[in-house]
Engineer: 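Attaching a single structure in structure tokens format; questions to follow.
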2 protein chains.
Amino acid sequence: MRNYRGCAMPTNTRLAVALHILSGLAYRASSGKGSVTSAELAGSVNTNPVVVRRILGELAKAGLVTSTGGRGGGYELARDPARIRLDAVLVAIEPEGLFSVHENPANRACTVSCGIKPALGQLFERADHALREHLRGTTLADFLRRVESAG
Amino acid sequence: MRNYRGCAMPTNTRLAVALHILSGLAYRASSGKGSVTSAELAGSVNTNPVVVRRILGELAKAGLVTSTGGRGGGYELARDPARIRLDAVLVAIEPEGLFSVHENPANRACTVSCGIKPALGQLFERADHALREHLRGTTLADFLRRVESAG
DNA sequence: TTGATCCGTCACCAAAACAGTTACGACATC
DNA sequence: GATGTCGTAACTGTTTTGGTGACGGATCAA
């Protein structure tokens with residue numbers, strides 16, 4: 001599908017890249033190896049190490065990964081892949097939720113205009129919650145198994 | 001929250017505007033009046049009539065509204081608000097789903113890189129489905145009641 | 001101590017999408 | 001025919017994203 005400007009949809013690939021990175025870390029952890037550098041991960045994702053480090057920075061802030069600097073340094077999962085639920089990844093990457101209410105000031109003469117914002121806020125909050133609940137049912141270990149069986 | 005560039009999140013307001021517009025049409029329908037012009041709706045949303053018409057074009061393609069040109073023309077709901085489920089609105093506005101897989105070519109030497117795309121595709125498809133199922137539980141009539149009680 | 005890595009972050013660029021605006025043709029109604 | 005409305009094109013400005021180079025600071029090995 002194309003939008004009215006004839007361009008493809010936007011939709012971030014940042015969640016996809018985050019899951020790719022985390023799968024790489026989980027895969028490496030299952031092999032018993034130590035930390036992984038941003039350059040190695042960038043080679044797997046086929047992008048630039050800085051892009052990988054930016055996303056890893058958000059995952060680190062959320063407590064999902066840890067990093068060590070210097071020679072032999074890199075990134076590791078902060079805990080076992082079976083204890084990382086995918087809703088935590090979504091929250092780390094998109095902390096504000098997926099939908100947003102328009103900021104346009106309300107037209108005081110219009111009933112709909114005056115009531116729309118709280119109604120939308122409640123609707124979007126519940127929709128985000130439903131999405132997170134769904135993702136909560138899958139762990140990173142589950143996801144890695146699907147990646148390995150798909151390859 | 002702010003992202004790495006210090007800017008606010010993106011996230012379309014197009015779904016919010018679409019629900020605002022549809023609420024306006026449903027509200028007018030409940031008053032027994034006829035069609036509503038894009039200029040009237042733009043006054044409620046506080047935006048430009050062309051922005052409203054663009055979104056209404058997508059809703060019309062999805063069969064949710066109809067339009068009539070010429071003097072006295074405008075937009076009307078295609079069916080009763082109690083028979084419009086909000087998942088249909090999401091599909092009309094975001095037909096490709098909310099998430100997308102990165103297009104970077106796979107690194108053949110990497111197990112994760114080779115298996116990530118089908119795994120992400122399946123995960124995102126199921127997440128979108130869960131979200132649509134949630135929205136399916138609310139009709140435009142339900143939503144309008146919340147708008148009216150919130151005002 | 002020195003050097004080699006590696007993270008963390010900044011600055012910059014190009015591509016893409018959205019919101020807003022003006023304009024104009026097509027069409028229906030009066 | 002005049003009026004009013006949709007449908008759409010073109011353009012601008014703002015914002016986000018992805019990609020790239022650069023550099024300081026931290027860490028580790030020799």
Side-chain angles (χ1 to χ4, degrees), chain A residues 1-18 20-21 25 34-43 45-61 65-76 93-94 96 98-105, chain B residues 1-18 20-21 34-43 45-61 65-76 93-94 96 98-104:
Chain A
M1 273 294 288
R2 301 257 145 180
N3 65 10
Y4 73 90
R5 289 294 298 279
C7 304
M9 293 288 301
T11 350
N12 312 357
T13 61
R14 301 197 310 133
L15 180 61
V17 173
H20 189 150
I21 290 170
L25 296 180
S35 57
V36 189
T37 68
S38 61
E40 287 178 284
L41 291 166
V45 180
N46 242 309
T47 183
N48 192 284
V50 175
V51 175
V52 170
R53 290 204 289 264
R54 285 203 281 239
I55 291 184
L56 277 161
E58 299 178 57
L59 299 176
K61 267 188 274 183
V65 304
T66 58
S67 65
T68 53
R71 190 176 191 133
Y75 297 88
E76 287 182 80
I93 296 297
E94 302 283 0
E96 299 228 332
L98 294 173
F99 306 109
S100 48
V101 178
H102 51 298
E103 299 288 344
N104 314 27
Chain B
M1 272 295 286
R2 303 253 143 184
N3 65 12
Y4 74 90
R5 289 295 299 279
C7 303
M9 293 289 300
T11 351
N12 312 0
T13 60
R14 302 198 308 135
L15 180 61
V17 173
H20 189 150
I21 290 169
S35 57
V36 189
T37 68
S38 60
E40 286 178 286
L41 292 166
V45 180
N46 243 308
T47 184
N48 192 284
V50 175
V51 174
V52 171
R53 289 203 290 266
R54 285 203 282 238
I55 290 184
L56 277 161
E58 298 177 57
L59 298 175
K61 266 187 276 182
V65 303
T66 58
S67 65
T68 52
R71 191 176 192 131
Y75 297 89
E76 287 181 81
I93 297 297
E94 303 283 0
E96 299 229 333
L98 294 175
F99 306 108
S100 49
V101 179
H102 50 298
E103 299 287 345
N104 313 26

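Below, chains carry the letters A, B, ... as their sequence lines are ordered, and counting in each starts from 1.
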Engineer: Over how many whole Å does the gap from A:Leu15 atom CG to D:dG18 atom C1' extend?
Structural biologist: 16 Å

Engineer: Any idea which heavy atoms bring A:Pro105 and B:Asn46 closest together, and the distance?
Structural biologist: O-ND2, 2.6 Å

Engineer: D:dT3 phosphate, OP1 or OP2: any side-chain N/O from B:Arg71 under 4.0 angstrom?
Structural biologist: no

Engineer: Toward the 5' end of DNA chain C, which comes first, B:Arg53 or A:Ala60, by nearest nucleotide?
Structural biologist: A:Ala60

Engineer: I want to confirm an ordering. Mapping A:Gly70 and A:Pro49 to their closest nucleotides on DNA chain D, which one lands closer to the 5' end?
Structural biologist: A:Pro49

Engineer: Using whole Å, report how far CG of A:Leu41 lies from C1' of C:dC6.
Structural biologist: 13 Å

Engineer: Quick one: which of D:dG19, C:dA19, D:dA9 gets closest to the side chain of B:Arg14?
Structural biologist: C:dA19

Engineer: Between D:dT5 atom C1' and B:Asn48 atom CG, what is the distance in whole Å?
Structural biologist: 15 Å

Engineer: With B:Tyr75, which of B:Leu56, B:Thr68, B:Leu59 fulfils side-chain contact (heavy atoms from CB on, under 4.5 Å)?
Structural biologist: B:Leu56

Engineer: By nearest atom, which of the nucleotides D:dT17, C:dC18, C:dT21 is closest to the B:Arg54 side chain?
Structural biologist: C:dT21

Engineer: Does B:Thr13 place a side-chain N or O at less than 4.0 Å from the phosphate oxygens OP1/OP2 of C:dA19?
Structural biologist: yes

Engineer: What integer distance in Å separates A:His102:NE2 from C:dG20:P?
Structural biologist: 10 Å

Engineer: Within less than 4.0 Å of OP1 or OP2 of D:dT27, is there a side-chain N or O belonging to A:Thr68?
Structural biologist: no

Engineer: How many Å lie between CG on A:Leu59 and C1' on C:dG8, as a whole number?
Structural biologist: 15 Å

Engineer: Can you tell which of A:Val36, A:Thr47, A:Ile55 makes a side-chain contact (heavy atoms from CB on, under 4.5 Å) with A:Leu41?
Structural biologist: A:Val36

Engineer: Starting at atom CD of B:Glu40, determine the distance to atom P of D:dT5, rounded to an integer number of angstrom.
Structural biologist: 8 Å

Engineer: Report which part of the nucleic acid B:Gly74 touches: base, sugar-phosphate, or nothing (heavy-atom distance under 4.0 Å, all strands).
Structural biologist: sugar-phosphate

Engineer: Of all the choices, D:dA22, C:dG8, D:dG7, which nucleotide is nearest to the side chain of A:Tyr75 once you look at every atom?
Structural biologist: C:dG8

Engineer: Whole angstroms only, please: what is the NE2-P distance between B:His20 and C:dA19?
Structural biologist: 14 Å

Engineer: Give the minimum heavy-atom separation between A:Ala42 and A:Asn48, together with the two atoms involved.
Structural biologist: CB-C, 3.8 Å

Engineer: Which atom names give the shortest non-hydrogen contact between B:Ala16 and A:Ser100, and what distance separates them?
Structural biologist: CB-O, 3.5 Å

Engineer: Find which nucleotide of DNA chain D each of A:Gly69 and A:Val51 is nearest to by heavy atoms, and output the residue with the more 5' nucleotide.
Structural biologist: A:Val51

Engineer: Determine: side-chain N/O of B:Ser67 to OP1/OP2 of D:dT5, distance under 4.0 Å, yes or no.
Structural biologist: no

Engineer: For a quick test of reading the model: is some side-chain N or O of B:Ser38 closer than 4.0 Å to OP1 or OP2 of D:dC6?
Structural biologist: yes

Engineer: Hey, what do you get for CZ (B:Arg14) to CD (B:Glu94), rounding to the nearest 0.5 Å?
Structural biologist: 5.5 Å

Engineer: May I have the distance from A:Glu103 (atom CD) to D:dT15 (atom P), rounded to whole angstrom?
Structural biologist: 13 Å

Engineer: Just compare D:dT5, D:dG19, C:dG20 and give me whichever is closest to any side-chain atom of B:Thr37.
Structural biologist: D:dT5

